[in-house]
Amino acid sequence: QVQLVESGGGLVQAGGSLTLSCAASGSIFCITAMGWYRQAPGKERELVAAITSRGSANYADSVKGRFTISRDNANNTVYLQMNSLKPEDTAVYYCNAGLQLTRRSSSWTVSWGQGTQVTVSS
């Protein structure tokens, strides 16, 4: 059983910063891409940032220059440093990982965390 556990959400004023963490645990052979998505009330879930196992990252246009994604491969952890937060960043943030459970490529699957609330006040 694979688990992704997020932490670091909370309430912050506009212009402030937060760092989200997500640790993957369980029977994992390897993790390919890891990422962060968010879902605001009444909106669809959207990709915020993603990073490959080699450290190549991509970002949504709305967060470029403000958010930084990073990962610790040794500890199966991904981080999202969020700076210059805006009220429109308010959402539930979900961690996501593409991972292989065994040596067999057919064991590849996608896991999601439970979500962590980020609220930015104006």
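Only a predicted model underlies this, so the values are computations on that prediction, with no experimental measurement involved. These numbers come from the heavy atoms of this one structure, side chains and all, not from hydrogens, waters or symmetry mates.
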**Message:** Distance check, rounded to the nearest 0.5 Å: Asp72 atom CG versus Tyr79 atom OH?
**Reply:** 5.0 Å
**Prompt:** Okay, side chain of Thr90, backbone of Val120: is any donor-acceptor separation there less than 3.5 Å?
**Reply:** yes
**Residue pair Gln100 / Arg103: nearest heavy atoms and the distance that separates them** = NE2-O, 3.2 Å
**Item:** From CA spacing to verdict: side-chain contact (heavy atoms from CB on, under 4.5 Å), Phe29, Leu101
**Value:** CA-CA 5 Å; Phe29 177 69; Leu101 303 179; 5.9 Å; no
**Item:** Qualifying residue for side-chain contact (heavy atoms from CB on, under 4.5 Å) with Arg38, from Val118, Val92, Asp89, Leu80
**Value:** Asp89
**Request:** Following the transitive rule for hydrophobic clusters with a side-chain heavy-atom cut-off under 4.5 Å over Ile, Leu, Val, Met, Phe, Trp and Tyr, establish whether Tyr37 and Met34 coincide in one cluster.
**Result:** no
**Asked** Atom CG of Leu4 and atom CG of Leu99: how far apart are they, to the nearest 0.5 Å?
**Response** 7.0 Å
**Prompt:** If every non-hydrogen atom of Leu47 is compared with every non-hydrogen atom of Ala60, which pair is closest and at what distance?
**Reply:** O-CB, 3.4 Å
**Item:** Atom CD of Gln3 with >12 non-hydrogen neighbours under 6.0 angstrom
**Value:** no
**Request:** Would you give the length of the straight line joining atom OG of Ser121 to atom CG of Leu85, rounded to the nearest 0.5 angstrom?
**Result:** 10.0 Å
**Message:** Under a 3.5 Å distance rule, please check whether Tyr59 uses its side chain to pair with a backbone N or O of Ile69 as donor and acceptor.
**Reply:** yes
**Request:** Kindly give the heavy-atom pair with the smallest separation between Tyr93 and Val48, and that separation in Å.
**Result:** CE2-CG2, 4.2 Å
**Request:** Would you confirm whether Asn76, through its side chain, and Ile31, through its main-chain N or O, come within 3.5 Å as a donor-acceptor pair?
**Result:** no
**Prompt:** When you measure from the side chain of Ser122 to the backbone N and O of Pro87, does any donor-acceptor pair fall under 3.5 Å?
**Reply:** no
**Value rounded to 0.5 Å, distance of OH in Tyr94 from CZ in Arg45** = 4.5 Å
**Prompt:** Between OG1 of Thr52 and CZ of Arg71, what distance do you get to the nearest 0.5 Å?
**Reply:** 7.0 Å
**Message:** Strictly distance-based, threshold 3.5 Å: is any side-chain N or O of Thr32 a donor or acceptor partner for the main-chain N or O of Gly98?
**Reply:** yes
**Request:** Determine, step by step, whether Thr19 and Gln81 satisfy the side-chain hydrogen bond (donor to acceptor under 3.5 Å, both in side chains) criterion, reporting the C-alpha distance in whole Å, the side-chain angles of both residues, the deciding distance to 0.1 Å, and the verdict.
**Result:** CA-CA 4 Å; Thr19 300; Gln81 173 67 43; 2.4 Å; yes
**Asked** Are any side-chain N or O atoms of Glu6 and backbone N or O atoms of Gln114, one a donor and one an acceptor, separated by less than 3.5 Å?
**Response** yes
**Residue pairs fulfilling disulfide bond (SG atoms under 2.5 Å apart) with at least one residue in residues 20-75, sequence neighbours excluded** = Cys22-Cys95
**Prompt:** Distance from Thr119 atom OG1 to Gln13 atom CD, nearest 0.5 Å?
**Reply:** 13.0 Å
